[in-house]
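The residues of the chain are indexed from 1 along the displayed sequence.
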Amino acid sequence: MSFQNSFKVTFSPHIHSGNSAFKMYFAGVLSLLPAVFAVAYFFGLSGVLLLATTVSGSYLTDFSVNFLAYKKFNFKDTSAIFTGLLLAFFLPPTCPLWIAFAGAVFSILVAKIPFGGTGS
């Protein structure tokens, strides 16, 4: 008996659950919504501005990089929103907004894009 035809070599993932990157990032954003409301309640306008700055900075950077690379931008891609929310939760509410914006740009340009973007 030959084992030559009994094994099939394929690329991973070998078992697919049906979840896409969009579904997982969207679930992550939804799970962070109570924390967003808590930031708005406890820190007020400074916390909301920090959240808006990091989310808009990461989303605009992701859009700009795709535009400059002549790639089609998927507006349903919530990975940049998720990145911006996580960054805002790591920063103090008294952080200057330009530092938050620069951190969002840095997180997309240095941590996401060079490693292949969403799903890589």
Side-chain angles (χ1 to χ4, degrees):
M1 180 172 180
S2 173
F3 289 105
Q4 190 173 15
N5 294 329
S6 57
F7 295 108
K8 184 177 180 182
V9 178
T10 61
F11 293 107
S12 62
H14 301 291
I15 299 173
H16 187 63
S17 66
N19 287 337
S20 64
F22 167 73
K23 287 180 184 177
M24 290 188 292
Y25 279 115
F26 188 72
V29 169
L30 285 180
S31 69
L32 291 176
L33 282 182
V36 169
F37 293 131
V39 165
Y41 179 76
F42 289 112
F43 299 113
L45 185 61
S46 65
V48 171
L49 286 175
L50 185 69
L51 283 166
T53 302
T54 56
V55 169
S56 63
S58 60
Y59 199 76
L60 288 173
T61 304
D62 198 18
F63 175 77
S64 301
V65 167
N66 283 317
F67 180 76
L68 292 173
Y70 301 109
K71 290 183 179 178
K72 182 182 176 196
F73 183 70
N74 185 5
F75 287 99
K76 292 189 328 183
D77 182 17
T78 55
S79 65
I81 296 170
F82 187 73
T83 302
L85 286 174
L86 285 181
L87 176 63
F89 293 143
F90 287 127
L91 296 174
T94 57
C95 178
L97 295 180
W98 70 270
I99 292 177
F101 190 82
V105 170
F106 182 84
S107 67
I108 297 297
L109 286 180
V110 175
K112 179 183 175 187
I113 300 300
F115 294 102
T118 304
S120 295

Do [X] and [Y] have side chains that get closer than 4.5 Å, going by heavy atoms?
| X | Y | value |
| --- | --- | --- |
| I108 | Y59 | no |
| L33 | L30 | yes |
| L50 | F43 | no |
| L85 | V55 | yes |
| V110 | F106 | yes |

Give the minimum heavy-atom separation between [X] and [Y], together with the two atoms involved.
| X | Y | result |
| --- | --- | --- |
| G84 | T54 | O-OG1, 2.8 Å |
| V105 | G57 | CG2-O, 4.3 Å |
| L87 | A100 | CD2-O, 3.9 Å |

Hey, could you give me the [atom1]/[atom2] distance between [X] and [Y], rounded to the nearest 0.5 Å?
| X | Y | atom1 | atom2 | result |
| --- | --- | --- | --- | --- |
| N66 | I113 | CG | CD1 | 6.0 Å |
| L60 | F101 | CG | CZ | 6.0 Å |
| F89 | L51 | CZ | CG | 5.5 Å |
| F63 | S56 | CZ | OG | 14.0 Å |
| K23 | T78 | NZ | OG1 | 12.5 Å |

Review point. Are side-chain N/O atoms of T83 and K112 paired as donor and acceptor at under 3.5 Å?
Key: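 No pair is found: no donor N or O on one side chain lies under 3.5 Å from an acceptor on the other.
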Practice item. Report, as yes or no, whether the 6.0 Å neighbourhood of atom CZ on F26 holds more than 12 heavy atoms from other residues, nucleotides or ligands. Key: no
Review point. Taking a hydrophobic cluster as the set of Ile, Leu, Val, Met, Phe, Trp and Tyr residues connected by side-chain heavy atoms closer than 4.5 Å, whether directly or through intermediates, do L86 and Y25 fall within one such cluster?
Key: yes
Practice item. Please answer: with hydrophobic residues joined when any side-chain heavy atoms are less than 4.5 Å apart, are L49 and V39 in the same cluster? Key: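 Not linked; separate clusters.
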